[in-house]
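Step one of this worksheet: look at the structure below.
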There are 2 protein chains.
Amino acid sequence: MNRSGYRPDKPATIKDVAKALNISISTVSRALRNKPDVNQETRQSVLRMVEELEYQPNQIALSLITQKTHTIGVIIPNLDYFFSMAVRGIDDMALETGYTVMICQSNESYARELVNTQRLMKGHVDGLIVSNSSDSINTEQYQRLLSKNFPIVFFDRVSSELDATSVVLDNISGATQAVTHLIEQGCRRIAYLAGPANLSISQQRMIGYKHTLEKYGLAIDESLIVFSEFDREFAYRSTLALIDSPNRPDAIFGVSDRLIVGAQLAIKERGLRIPEDIALVGFNDEPVVSLLTPPISSVAQSAFEMGRMAAKLLVEQLNSEHILPSQTIMLKPTLIKRASSIRKP
Amino acid sequence: MNRSGYRPDKPATIKDVAKALNISISTVSRALRNKPDVNQETRQSVLRMVEELEYQPNQIALSLITQKTHTIGVIIPNLDYFFSMAVRGIDDMALETGYTVMICQSNESYARELVNTQRLMKGHVDGLIVSNSSDSINTEQYQRLLSKNFPIVFFDRVSSELDATSVVLDNISGATQAVTHLIEQGCRRIAYLAGPANLSISQQRMIGYKHTLEKYGLAIDESLIVFSEFDREFAYRSTLALIDSPNRPDAIFGVSDRLIVGAQLAIKERGLRIPEDIALVGFNDEPVVSLLTPPISSVAQSAFEMGRMAAKLLVEQLNSEHILPSQTIMLKPTLIKRASSIRKP
DNA sequence: AACGGTACCGGCAACGTTGCCGGTAAATAA
DNA sequence: TTATTTACCGGCAACGTTGCCGGTACCGTT
């Protein structure tokens, strides 16, 4: 064991308090936890001495006994606008409920997701809040933990194979709102920048996209569907290709604002007009899209609320005597219409 | 003590391993830590049993002995682009050096900063990485910890009164580059959106701003200096006021991109040209500014590197036998020139 | 045959805290 | 007066791990 390293002046322990008052450790302990078997005078003197010595109970020792650390582990793919807001929501709820938050970023890498899970479990977090990385294929690690009844709450990017508590957006509704709006604006050839194919959000939004096209009797043209990483540069190049192809789209729906921003750059580069030639709708409603020229329409959701809700569900499980049945909370998105998609007055 | 709440199946302990092999706990412990006093066969059987029982050493028990948790506490004002990147750098270095990171956001509130410090100290973090909130006036809490030789590294927003290890940007250089550039482009009445008055970054950039004006023989007009929170809306209104004032500026330098974006909105609103009527330079080089019309010049810095460096210094302190002298690392910024400030070909 | 050395192993204390049990003195009841 | 309750307190074990000390075979030496 590494015993090296600098160690600051040791803080007072319950033992120091007891010694200073010439009473037993047990009595101090009882006095502090308001147990009945303590003389009021004794209790008062203990409290005074605690004040004087600046005694604070050692959480590590308590953790050793209770096997609880009051710590929540968070695994997210990155810290972009969406996840930053989600983390803020998690931190917010954690503060309210007396937990602290350990954050690990997987950088969209499955390998790193594995490492981070190990890291957090070793640190003995009481539970986990997870959003999958984009190249996350295997869920075995979480399956194993869940089978041992270790509490995990998933959010946003979830796994369909896992029967676990999760908080997600109604992605089908979001995509439906977006595509319906585009069709109402007269668009007929609507492309979809779909993002990573194995992510739940991509798939769900795809369903909304396709269903809406079908509903309005429009053909589904697979050449208008482009999968990719969440990479603006890639979206830029894909959009150039779409524009230069024989069947140029008259609208583009993006699974995320990051991609739709790349698309906008490409359209401007080619000198086409937005929304007259190509209309745009993104997803997430990041602040940036309202600042662009023209401002881009986007499906808004509250990452903050999602994070708060995920933390709330986890803490409920942690505070519960027994195992709670897994549930899925679905939040509602709202389409924010801006100049990038409004053709009709 | 709260003993309620659900607890998953207990993992194997060293005792279980010992019992399964009918040997003593001590021997298992020695075998696992590659001590010499162990028979090779015994060691092998221990390793096999460890594998079988999926034994993992209990970090909490180790922490109780060593008083170390291998955890770093991070206190930041928010999770905007800059701090997200910094956190990524911290997390990166932490992963390399075997630490995990606890993050608390103060939401620019001093009160919450206090609470978060308590929270992290209670969780027994080994050290702290801190960037002050904008209404952080008192540094007594950190002073107290530092006087007890508790390791803290400050970054970006530091306190001049604290003699502590810190990582900062050469803010004077950044502001000097920005203002010099504006003057070279022919600007003579340069306003400064200064941000919160008590923040080190505001003050340092102010020094660079004023010195550069003096160097070029330009008068310092206090009516062109505006303090505020990091609030886009406020910057928007301030800029409108500047524009409508009798001595309208011909350039605006902003302590952060968030403020300069608000300024841009105001200038567009009034129908003035950028950079011909008013040139703009921001700070941080957030991705958004390169996407705006026109793209905004900005002083670029690497928040990622800053975070990594802060974590590196902290870990060095944590791994050191003795107390290291406090030091200040100063990183160099680079001005990125874009259309918002380029008047001459 | 007695001795010292080596190789290996088990027991105990400690880290800081709480739960449980048992004990002592005073106060009350018989 | 004696028995019994009440009020209060201390000791011990345990949580999981490591460091330290002491012990026991077995080996080779002289």
Side-chain angles (χ1 to χ4, degrees), chain A residues 1-5 7-46 49-50 53-70 121-124 126, chain B residues 1-5 7-46 49-50 53-70 121-124 126:
Chain A
M1 193 59 226
N2 175 22
R3 269 187 167 280
S4 84
R7 203 142 62 253
D9 308 341
K10 287 207 174 178
T13 72
I14 202 174
K15 198 182 288 181
D16 299 321
V17 177
K19 208 174 292 175
L21 294 171
N22 257 320
I23 57 178
S24 78
I25 294 176
S26 310
T27 304
V28 177
S29 176
R30 262 170 313 203
L32 291 177
R33 279 167 308 113
N34 281 324
K35 296 263 174 165
D37 277 19
V38 177
N39 188 313
Q40 277 307 320
E41 290 180 27
T42 313
R43 192 191 303 279
Q44 290 309 320
S45 64
V46 165
M49 188 56 73
V50 159
L53 299 182
E54 299 183 36
Y55 165 75
Q56 284 219 330
N58 186 319
Q59 291 296 326
I60 300 175
L62 291 178
S63 293
L64 185 58
I65 297 177
T66 62
Q67 301 287 12
K68 284 175 173 299
T69 55
H70 286 264
M121 293 309 295
K122 235 175 118 175
H124 288 260
D126 289 346
Chain B
M1 192 60 225
N2 175 21
R3 268 186 167 281
S4 84
R7 201 141 65 253
D9 308 343
K10 287 208 175 179
T13 72
I14 202 174
K15 198 183 289 181
D16 298 322
V17 177
K19 207 174 293 175
L21 294 171
N22 257 320
I23 57 180
S24 78
I25 293 176
S26 310
T27 305
V28 176
S29 175
R30 262 170 313 203
L32 290 178
R33 279 168 308 114
N34 282 325
K35 297 264 172 164
D37 278 17
V38 177
N39 188 312
Q40 277 307 318
E41 290 180 28
T42 313
R43 192 190 303 280
Q44 290 309 319
S45 64
V46 165
M49 189 55 74
V50 160
L53 298 183
E54 302 185 33
Y55 165 75
Q56 285 219 330
N58 186 321
Q59 291 296 325
I60 299 174
L62 292 178
S63 293
L64 186 57
I65 297 177
T66 62
Q67 300 287 12
K68 285 175 173 299
T69 55
H70 287 264
M121 292 308 297
K122 235 176 118 176
H124 287 261
D126 289 346

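Atoms considered below: every heavy atom in the structure, side chains included; atoms not considered: hydrogens, waters and symmetry mates. Each chain gets a letter, A, B and so on, in the order the sequences are listed, and its residues count up from 1.
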For atom [atom1] of [X] and atom [atom2] of [N], their distance in whole Å:
X	N	atom1	atom2	value
I14(A)	dC15(C)	CD1	C1'	14 Å
L62(B)	dC15(D)	CG	P	16 Å
Q40(A)	dA7(D)	CD	P	12 Å
D16(A)	dA14(C)	CG	C1'	15 Å
N34(B)	dT18(D)	CG	C1'	15 Å
Q59(A)	dT17(C)	CD	C1'	11 Å
I60(A)	dT18(C)	CD1	C1'	17 Å
H70(B)	dT17(D)	NE2	P	15 Å

What I'd like to find out is whether the side chain of V28(A) reaches to under 4.5 Å of the side chain of M49(A), using heavy atoms alone.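 Side chain of V28(A) against side chain of M49(A), heavy atoms only: no contact under 4.5 Å found.
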
Answer yes or no: is there a side-chain heavy-atom contact under 4.5 Å between L32(B) and V50(B)?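 They are in side-chain contact.
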
Any donor-acceptor pair under 3.5 Å linking the side chain of S63(B) with the backbone of Q59(B)?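 Side chain of S63(B) to backbone of Q59(B), a donor-acceptor pair under 3.5 Å: yes, one is there.
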
Could you give the distance from CD1 (I60(B)) to OG1 (T66(A)), rounded to the nearest 0.5 Å?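 Those atoms lie 7.5 Å apart.
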
Distance, nearest 0.5 Å, that separates NE2 of H70(A) from NZ of K68(A):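 Output value for this atom pair is 6.5 Å.
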
[X] near the nucleic acid: base, sugar-phosphate alone, or nothing, with a heavy-atom cut-off under 4.0 Å?
X	answer
I25(B)	base
S63(B)	nothing
D37(B)	base

Contact under 4.0 Å: [X] side-chain N or O vs [N] OP1/OP2:
X	N	answer
S24(A)	dC9(D)	no
T13(A)	dC15(C)	no
Q67(B)	dG16(C)	yes
K35(A)	dG19(C)	yes
R33(B)	dG19(D)	yes
S29(A)	dT17(C)	no

Would you mind telling me which residue lines up with the more 5' stretch of DNA chain C, A12(A) or R30(B), judged by nearest nucleotide?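 Closer to the 5' end of DNA chain C: R30(B).
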
Check every atom of [options] against the side chain of [X] and return the nucleotide holding the closest atom.
X	options	result
K15(B)	dG16(D), dC15(D), dC9(C)	dC15(D)
I65(A)	dC9(C), dC9(D), dT18(C)	dT18(C)
N39(B)	dC21(C), dC8(C), dT17(C)	dC8(C)
I23(A)	dG10(D), dG16(C), dG10(C)	dG10(D)
V38(B)	dC9(C), dG10(C), dT17(D)	dC9(C)

Closest approach of Y55(B) to I14(B) (non-hydrogen atoms, all atoms of both residues):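 Answer, listing the atom of Y55(B) first, then I14(B): CE1-N, 3.2 Å.
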
On DNA chain D, compare the nucleotides closest to L64(B) and S26(B); which residue's is nearer the 5' end?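 The residue closer to the strand's 5' end, by nearest nucleotide, is L64(B).
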
